[in-house]
A.B. asks: 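I'd like to ask you about the structure that follows.
Read the numbers this way: they start at 1 and go in the same order the structure lists the ligands and their atoms.
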Amino acid sequence: MKSEVLSIALPLLLLASMPAAAEWHHREAAIMGTRIAVELWHDDPGEAAAATEAVLEEMHRVDGLMSHYRPESQLSRINAHAAEGPVAVDPELAGLIDEAAGFSERTGGAFDITYASVGYLYDFRERRHPTDAQIEAGLAAVDWRHVIVDLGASTVRFTQPGVRIDLGGIAKGYAVDRAVALLAARGVRHASVTAGGDSRILGDRFGRPWVVAIRHPDDPQRFIARIPLEDAAISTSGDYERYFDEDGERYHHIINPSTGRSAGGLRSVTIIGPNATETDAISTSVFVLGPERGLALIEELPDLDAVLVRSDGKVLYSSGLTPP
Ligand code: ADP
Ligand code: MG
């Protein structure tokens, strides 16, 4: 009996102590309220595990800094006190809020982290939305120019009471970029990092591109397109992520800052570009802008491409993706 066990255990033991075999390492976790997936190639399994662990730690760190769900986060402190005066924050957080203002400027205010001044009144899990009067009252506080960032002093203040900010439209992309930089610094040359709808690809898949599929808005098992990618980022914003339907109307998490209501005209927007901070912010922005103005914006930005699913189901591609 004893020898039988040994004869099974021995090959296993040998396998485990074999020289490290290069292979793909895959891990998933739930962080930042979403699914995180890390896939990387490394010839040392120990290094691969350590690199993956470092990525997940980094995601936790960014979440701790920027989550509006955590009352102790620096972001929550800004929302609680920035109308009274400048709130000191990490240079990293001040920098990202400043970068968000840059996206507001580039998108004519479609991207606006102060959408949250009204946005906080929605609760998609509880199927709650603000009344017309509440939207009317909250809209006065929605304007990215109400947020004053002092990069030198590393402070953030609001010009008036009632302002709230939320980084949900950019933080996941930012975290993905951080993760990929961290992997590259550790010598990883082939990897894919995903946080919810935001992914970034490092290198290729050994002579082949990575392939990222864009799902159908109504069916996660069906795909509307497959995009081959190398050294690129891809973000999708959809009206099916966090939503509820009431009286034939869909209330979802992408809010038009000029109306305080869920943006219409599109079901999903996918943006492909060099980094995930940008593709994340721009996917949210194009969703707000709608099909015509959204595609026009992408055509002006040479390093970005887009795949849009219009409300009527028609799929639109930017010219960089359209076959000649
Ligand atoms: P996901 O969280 O599904 O990846 P998106 O990248 O599409 O979503 O961003 C949606 C999130 O962005 C919302 O949950 C909210 O936190 C935030 N947001 C919603 N509307 C705006 C807006 N107009 N400008 C900036 N951020 C927004
Ligand atoms: Mg986004």
A.B. asks: Does a donor on one side chain sit under 3.5 Å from an acceptor on the other, for Glu28 and His26?
C.D. replies: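 Side-chain D/A pair, Glu28 to His26: present.
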
A.B. asks: Could you tell me whether Ile255 and ligand 1 have an N or O pair separated by under 3.5 Å?
C.D. replies: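 Looking only at distances, the answer is yes, because the N/O contact criterion of under 3.5 Å is met.
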
A.B. asks: Taking 4.0 angstrom as the limit and counting only heavy atoms of Ser237, give me the atoms of ligand 1 inside it, by number and element.
C.D. replies: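 So the atoms of ligand 1 that pass are 5 (P), 6 (O), 7 (O).
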
A.B. asks: Ion pair present between Arg200 and Asp280, side-chain N to carboxylate O less than 4.0 angstrom?
C.D. replies: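 Between Asp280 and Arg200 there is no salt bridge, as every charged N stays at least 4.0 Å from the carboxylate O atoms.
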
A.B. asks: So, Asp166 and Tyr115: side-chain donor and acceptor under 3.5 Å apart, yes or no?
C.D. replies: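 Short answer, yes.
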
A.B. asks: If you count every heavy atom of other residues, nucleotides or ligands that lies below 6.0 Å from Arg189 atom CZ, does the total exceed 12?
C.D. replies: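 No, because the 6.0 Å sphere around CZ of Arg189 holds 12 heavy atoms or fewer from other groups.
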
A.B. asks: Which atoms of ligand 1 sit under 4.0 Å from any heavy atom of Gly168?
C.D. replies: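 That gives atoms 9 (O), 11 (C), 12 (O), 16 (O), 17 (C) of ligand 1.
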
A.B. asks: Taking the side chain as every heavy atom from C-beta outward, state whether Glu300 and Arg106 have any pair of such atoms under 4.5 Å apart.
C.D. replies: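 Glu300 vs Arg106: side chains apart.
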
A.B. asks: Closer than 4.0 angstrom, basic N to acidic O: yes or no for Lys172 and Asp198?
C.D. replies: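 No.
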
A.B. asks: Which of the numbered atoms in ligand 1 are below 4.0 angstrom from a heavy atom of Asp112?
C.D. replies: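 In order of number, 22 (C), 24 (N), 25 (C).
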
A.B. asks: Just to check, does Gly238 reach to within less than 4.0 Å of ligand 1 when the distance is taken from its heavy atoms?
C.D. replies: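 It does not, in that no heavy atom of Gly238 comes within the 4.0 Å cut-off of ligand 1.
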
A.B. asks: Please list, in number order, the atoms of ligand 1 under 4.0 Å from a heavy atom of Thr284.
C.D. replies: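 Counting atoms of ligand 1 from 1, those under 4.0 Å from Thr284 are 5 (P), 6 (O), 7 (O), 9 (O), 21 (C), 27 (C).
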
A.B. asks: Determine, considering heavy atoms only, which of Met32, His253, His68 sits nearest to atom 13 (C) of ligand 1.
C.D. replies: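 Among Met32, His253, His68, the closest heavy atom to atom 13 (C) of ligand 1 comes from His253.
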
A.B. asks: If you apply the rule side chain to side chain contact (heavy atoms under 4.5 Å, CB included), what do you find for Arg27 with Leu56, and how did you get there?
C.D. replies: CA-CA 10 Å; Arg27 198 159 147 200; Leu56 300 183; 3.5 Å; yes

A.B. asks: At a 4.0 Å cut-off, with the gap strictly under it, does some heavy atom of Pro257 reach an atom of ligand 1?
C.D. replies: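 Heavy atoms of Pro257 do come under 4.0 Å of ligand 1.
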
A.B. asks: Out of all atoms in ligand 1, which are within 4.0 Å of some heavy atom of Val288? Include the element for each.
C.D. replies: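 Numbered from 1, ligand 1 contributes 23 (N).
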
A.B. asks: List every atom of ligand 1 that sits less than 4.0 Å from any heavy atom of Ala110, numbering the atoms from 1 in the order shown and giving each element.
C.D. replies: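 Taking each heavy atom of Ala110 in turn, ligand 1 has 22 (C), 23 (N), 24 (N) under 4.0 Å.
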
A.B. asks: Could you say whether the N/O atoms of Gly169 and ligand 1 ever approach to under 3.5 Å?
C.D. replies: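 The answer is yes, given that Gly169 and ligand 1 share an N or O pair closer than 3.5 Å.
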
A.B. asks: Whether the Ser76 and Ser73 side chains hold a donor-acceptor pair (N or O, under 3.5 Å, no angle test) is what I'd like checked.
C.D. replies: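 Result is yes, a qualifying pair exists.
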
A.B. asks: Do the side chains of Asp312 and Lys314 get close enough for a salt bridge, i.e. N-O under 4.0 angstrom?
C.D. replies: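 Not counted as a salt bridge, because no side-chain N and carboxylate O are separated by less than 4.0 Å.
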
A.B. asks: If you measure every N or O of Ser283 against every N or O of ligand 1, does any of those distances drop under 3.5 Å?
C.D. replies: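 Among all N and O atoms of Ser283, none is under 3.5 Å from an N or O of ligand 1.
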
A.B. asks: Regarding ligand 1, does Asn256 bring an N or O atom to under 3.5 Å of one of the ligand's N or O atoms?
C.D. replies: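 No: no nitrogen or oxygen of Asn256 is under 3.5 Å from one in ligand 1.
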
A.B. asks: Between the candidates Phe287, Tyr115, Phe124, Trp144, which shows the shortest non-hydrogen contact distance to atom 26 (N) of ligand 1?
C.D. replies: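 When every heavy atom of Phe287, Tyr115, Phe124, Trp144 is considered, Tyr115 comes closest to atom 26 (N) of ligand 1.
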
